[in-house]
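Okay, structure first, notes after.
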Amino acid sequence: AQSVTQLDSQVPVFEEAPVELRCNYSSSVSVYLFWYVQYPNQGLQLLLKYLSGSTLVKGINGFEAEFNKSQTSFHLRKPSVHISDTAEYFCAVSELWAAGNKLTFGGGTRVLVKP
Amino acid sequence: DTGVSQDPRHKITKRGQNVTFRCDPISEHNRLYWYRQTLGQGPEFLTYFQNEAQLEKSRLLSDRFSAERPKGSFSTLEIQRTEQGDSAMYLCASSPVTQGANTEAFFGQGTRLTVV
């Protein structure tokens, strides 16, 4: 079984400032890693994913994340946020080679971008 | 294709009533998933289908919950004798099947259920 911990439930940040959202996971097997964003009253949209290869992954809207196997982390960063980045962000994992590719999500981090 | 579609978007029901939600996946996506998201939490896996076969069910899916995907296209999730604890956002997602690699799941906008 896997678990995902998002260490910050809420992150306030000023517009054009950098932001980092922390994600740690626990699993007895190798996993794929994902970050999703959820805008108010919307479904989830994939920001980026790590399947294999380079540990630095670039996604949409200027986001990037770095996979650190030894620390079992997959932190999300953006160098300069916009008001439109106000949303909830979810880190998720799925087991490598598992049938079904079901996702296990963290509790989410709410980002509030202030002008 | 307009993506994953869920209907209704919002549902208010009285405790004890039955409710049914519908999900239309992206066409040609073999896999369809249901998740439940309560306020302030991340989504939790409920069940998934590959074509018409329901291949896995979470322990969260009590016997009051039933999901179907009769023709391998749209799916329905029914909750019988609703309880206040069933109030949540119910999310549907779909993905294609690809050998040997994980593929992105595309989510619908969800059905928000409020049990009063």
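Reckoned from all heavy atoms, side chains included, excluding hydrogens, waters and symmetry mates. First the proteins, then the strands, lettered A, B, ... as listed; each starts at 1.
- Annotation: the span from B/Tyr48 atom OH to A/Leu103 atom CG amounts to 12.0 Å, rounded to 0.5 Å.
- Within 6.0 Å of atom CD1 in A/Ile83, more than 12 heavy atoms from other residues, nucleotides or ligands are found, so the atom counts as buried in its surroundings.
- Only the side chain of A/Gln38 comes within contact range of chain B, with at least one heavy atom under 4.5 Å from a heavy atom of that chain.
- Counting heavy-atom neighbours within 6.0 Å of B/Arg15 CZ, excluding the residue itself, gives a total of 12 or less.
- Only the side chain of B/Tyr35 has a heavy atom closer than 4.5 Å to any heavy atom of chain A.
- One hydrophobic cluster, built from ILVMFWY side chains closer than 4.5 Å, holds both A/Leu76 and A/Val19.
- Within the 4.5 angstrom heavy-atom criterion, no atom of B/Glu44 approaches chain A.
- In A/Arg110, the CZ atom is not crowded: 12 or fewer heavy atoms of neighbouring residues, nucleotides or ligands sit closer than 6.0 Å.
- Rounding to the nearest 0.5 angstrom, the gap separating the CZ atom in B/Phe45 from the NZ atom in A/Lys102 is 5.0 Å.
- Within 6.0 Å of CG in B/Leu39 there are 12 or fewer heavy atoms belonging to other residues, nucleotides or ligands.
- When each of B/Pro43, B/Gly110, B/Gly42 is checked for heavy-atom pairs under 4.5 Å with chain A, B/Pro43 comes out on top.
- Within 6.0 Å of the CZ atom in A/Phe14, the count of heavy atoms belonging to other residues, nucleotides or ligands does not exceed 12.
- To the nearest 0.5 Å, the span separating CG on A/Leu44 from CD on B/Gln109 amounts to 11.5 Å.
- More than 12 heavy-atom neighbours from other residues, nucleotides or ligands sit within 6.0 angstrom of CD on A/Glu66.
- Proximity to chain A (any heavy atom under 4.5 Å) is restricted, for B/Leu91, to the side chain, taken from C-beta onward.
- A distance of 4.5 Å separates CD of B/Gln37 from CZ of A/Phe90, quoted to the nearest 0.5 Å.
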